[in-house]
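A short worksheet on the structure shown next.
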Amino acid sequence: MKSIWTEDTEIRKREALKEDMETEAVVIGAGLAGILTAYYLGQAGIRTVVLEADRIGSGQTKNTTAKITSQHNLLYEKMIRTFGHGMAAHYARANEAAIDEYERLIAEKGIACDFTRGPACLYSRTKEQLLRQEAEAAKSLGIEASFRTDCELPFAVAGVTLFNRQARFHPLRFLGRMAEEVEVYEGTRVLKVKGGRVETDRGCVTAKHIVFASHFPFVNVPGYYFARMRQERSYVVALKGAEEIEGMYLGIDRDGLSFRVQGNLLLLGGGSHRTGMNKENGARGCKYEMLRRRAQEIYPGSQEVAHWSAQDCMTLDALPYIGRFSRRNPGWYVATGFGKWGMTTAMVGARVLTALISGRDCPEADIFSPRRRFTARAAGELAIHGAYTVKGLIKHLLPSGCPNCPHMGCRLEWNPDEQSYDCPCHGSRFDGEGRLLDGPAQTDCRRRER
Ligand code: FES
């Protein structure tokens, strides 16, 4: 189950950390957010090293559909109501600027990564009014947005919210090239962070600035990110023989799908559900089978050439957490909670954190701050998230063939699509042998006989 990105890209292997080290900044995690942050810190004259438990790009960067867009589902109309027009404009501007910055970097360095501009669209079969409102809201924030009643998808829609001049690319080719400009230690697992000391299984790194860019922060306290985020899984099939489309599409209906082209392939995505909830809330049944069925309905005769899945961190108010990690540790920073928009938000995160660390003015920082205003929506999500955690912990006491999660003890669920044990509480995952796949857990789990 490898993504098409991993099939044709080899990123140069790096050595593990050999000895204790002192530097100005250390970044934990060599995905897109980590590598870009280290790159911009280096450009700002701050010596930075990156520590990676596995390989560069071995986390979520390789599993994305690689859309670079400021269109993040239905967001702007709600954001203006909740945070005000000024804050929403900062969010929109930071994301639009991130697309331009990708284009600039790729041109400057001559990176062959299929960067292509094109429209990004939300579609619905019924919710015309919501799409109209979103287009108006986005336009008022300076985004080139419009509402349409027709589109190139081969089925009828009630409407489309279209953002112009968005982009797509090959994420690993870009990442591999950018990583050449950064000092990275692979195979170096961070075990503990205390003050300015990062302890790994290979030695200790001391730094003034520490950036957590490891998808889900593994430190529970301070920060309490485990209580402020859930993880979601979603699925993709790559199809040969499907009609070409120019735009990237995302359905906002309950059964909505995601569409984008890469070369002669069409990437069809969908089936999102809370990690570990494989049998509840309509998540029943094999997700790949559902996508294959839909593929044959929409593109009869198309053939699947690859399939893979992604894991995304979802925050309480649907905006990422980028900024200072907590009040208690002034030298710690975090970039997480990117939702389904990791490519664009990785760039936003890298630029915001570089500005904060190098003491530059950053008007966009407030809307991304992990300490931003707590909204009514966030309160509702917090209650739901808490209920899942309580349920997972109660299940831990009941007899089952599934092991418990080493993070905080919730009962793991078997995921037949991925042949993995997944945690419904905060989304850690383990393979069939109990080996750690995704955090926040930091260790393997003890497998029981199924
Ligand atoms: Fe927190 Fe499993 S991820 S208990």
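Treat the numbers as computed from the prediction; the structure is a model and nothing was measured. Remember, it's 1-based here, ligands and their atoms both numbered in the order they're listed. These values consider heavy atoms only, across backbone and side chains, with no hydrogens, waters or symmetry-generated copies.
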Checklist entry - Do any of the N/O/S atoms of H407, backbone or side chain, fall under 2.8 Å from atom 1 (Fe) of ligand 1? => result yes

Checklist outcome for this item: Per-atom filter on ligand 1: closer than 4.0 angstrom to a heavy atom of M408 are 4 (S)

Next on the checklist: Regarding H426, does it place an N, O or S atom less than 2.8 Å from atom 2 (Fe) of ligand 1?
Outcome noted: no

Checklist entry - Are R274 and Y388 in a cation-pi setup, meaning NZ or CZ lies under 6.0 angstrom from the ring centre and within 45 degrees of the ring axis? => result yes

Checklist entry - Is the H170 to F115 ring centre distance short of 6.0 Å? => result no

Item to check | C405 near atom 2 (Fe) of ligand 1 via N/O/S, less than 2.8 Å | outcome: yes

Checklist outcome for this item: Quick look: C423 vs ligand 1, heavy-atom contacts under 4.0 Å, and the answer is side chain

Item to check | Heavy-atom check, side chain of T48 versus side chain of Y39, under 4.5 Å | outcome: no

Next on the checklist: I'd like to know whether the aromatic ring centres of F212 and Y333 sit less than 6.0 Å apart in this structure.
Outcome noted: no

Checklist entry - Between Y225 and F325, is the ring centre distance below 6.0 Å? => result yes

Checklist entry - With a cut-off of 4.0 Å, which atoms of ligand 1 are near a heavy atom of S428? => result 3 (S)

